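Here's the structure we're looking at; comments come further down.
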Amino acid sequence: MTAQQNKLHRLRHGQALALQYAVQLLINSAREPEIVRRALSDAQTTAANAVSTAVLGCDYATRFMLPFVVELALKALIGKHNDDQGAWGHHLSELYDRLPADVQAELERDFAHIKGAEMPAETRTARKILADHDNDFPEWRYLDDPSKLTGGPVDTLQYVACAILNVYNST
C-alpha cells in the first residue's frame with residue numbers, strides 16, 4: 001500500500017468517525033426536544049413551530065448523514081484490507097461485499113455483540129441491514145417529501161457504523 005493510499009483510508013476513517021459523533025448528537029436532539037429548545041435562541045423559539053421544525057431538521061440530517069457515515073467507514077475498511085482505494089458508489093451492501101471474507105466475519109461478530117447488548121430483538125445481520133439501507137443516501141438527501149422520514153428508528157444503522165469502525169480499529 002502506498003503512503004497516499006494509507007493516508008486516504010485513514011482520512012475516510014476520520015471523516016466517518018467525526019460524522020458519526022455529529023449524527024449521535026442529532027439522534028439525541030431529535031429524541032429530546034428539550035435539547036433542541038435549549039440550543040435555540042430566545043428569538044428563534046418565538047417562531048411558530050420552531051422546536052418541532054428543528055427536531056424534524058435533526059431527524060432529516062441524521063437520515064441522510066448516517067448512510068454516508070457507513071459509506072465512508074466501509075470505504076476506509078475496504079482501503080485498509082484490499083489495498084484498494086477505488087471503492088465507488090453509495091450502495092452499502094455492494095461496498096460490504098468488497099470486504100475480504102474474514103473481515104466480513106469479524107464485522108458480523110462485532111455487530112452480533114452490539115446487537116445482543118443494545119437491540120436483543122434485532123434478527124438481521126449487518127449485511128442485511130446494509131442492504132435494507134442501500135438507497136437511504138440518495139432517497140433522503142433532499143427533503144422533498146418529509147413523510148419519507150418515517151422509515152423507523154435509525155439506531156440499527158448507527159450500531160452497524162459502530163461495528164464497522166470497531167473492526168477498522170481492531171484489524
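Computed from a prediction, not measured in an experiment: that's the story for all the values here. We're numbering straight along the sequence, starting at 1. The figures that follow rest on heavy atoms only: side chains count, while hydrogens, waters and symmetry mates do not.
Using a 4.0 Å cut-off between a side-chain N of Lys or Arg and a carboxylate O of Asp or Glu, D132 and R127 do not qualify as a salt bridge.
Between N166 and I114, some side-chain heavy-atom pair lies under the 4.5 Å cut-off. Proximity of E118 to D155: side-chain heavy atoms (C-beta onward) are nowhere separated by under 4.5 Å. A 4.5 Å side-chain heavy-atom check between E108 and Y96 finds at least one atom pair inside the cut-off. Side-chain atoms of F111 and V160, non-hydrogen and from C-beta on, do get closer than 4.5 Å to each other. With a 4.5 Å cut-off on side-chain heavy atoms, E122 and I129 count as touching. In this structure, H133 and P67 have side chains that are not in contact, with every pair of non-hydrogen atoms separated by 4.5 Å or more. Between I27 and D59 the shortest side-chain heavy-atom distance does not fall below 4.5 Å. Counting heavy atoms from C-beta outward, V167 and R109 have side chains that stay 4.5 Å or more apart.
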### Task
Please report the C-alpha distance between Q20 and C162 in whole Å, then the side-chain angles of each, then the deciding distance to 0.1 Å, and finally whether the side chain to side chain contact (heavy atoms under 4.5 Å, CB included) criterion is met.
CA-CA 8 Å; Q20 184 196 33; C162 289; 3.1 Å; yes
### Query
Step by step, would you call F64 with Y60 a ring pair (Phe, Tyr, Trp, His ring centres under 6.0 Å)?
CA-CA 7 Å; F64 86 83; Y60 162 65; 5.1 Å; yes
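In this structure, E32 contributes its side chain and E34 its backbone to no donor-acceptor pair below 3.5 Å. Under a 3.5 Å cut-off, the side chain of T53 and the backbone N or O of A50 do not form any donor-acceptor pair. In this structure a side-chain-to-backbone donor-acceptor pair under 3.5 Å is present from D134 to S93. In this structure a side-chain-to-backbone donor-acceptor pair under 3.5 Å is present from N82 to R98.
Seen from the ring of Y159, K115 does not count as a face-on cation partner, given the 6.0 Å and 45° thresholds.
Residues V36 and L56 are members of separate hydrophobic clusters, defined by side-chain heavy-atom contacts under 4.5 angstrom among Ile, Leu, Val, Met, Phe, Trp and Tyr. Residues L77 and L19 share a hydrophobic cluster, clusters being chains of Ile/Leu/Val/Met/Phe/Trp/Tyr side chains in contact below 4.5 Å. V55 and M65 fall into different hydrophobic clusters, where Ile, Leu, Val, Met, Phe, Trp and Tyr residues are linked whenever their side-chain heavy atoms come under 4.5 Å apart, directly or through other members. Hydrophobic clustering (ILVMFWY, side-chain heavy atoms < 4.5 Å, transitive): V51 and L26 are in distinct clusters.
L74 and L92 make their closest contact through CD1-O, 3.6 Å (heavy atoms, listed as atom of the first residue, atom of the second, distance).
Side-chain N/O atoms of N28 and Q24 include a donor and acceptor closer than 3.5 Å. Side-chain contact of S170 with E106: a donor-acceptor pair under 3.5 Å is present, judged by distance alone.
Through side-chain heavy atoms spaced under 4.5 Å, either directly or across other Ile, Leu, Val, Met, Phe, Trp or Tyr residues, L165 is tied to L17, Y21.
In this structure, N169 CG and K80 NZ are separated by 6.5 Å, a value rounded to the nearest 0.5 Å.
The aromatic rings of H13 and Y168 sit parallel, their planes meeting at an angle under 30°, below the 60° perpendicular limit.
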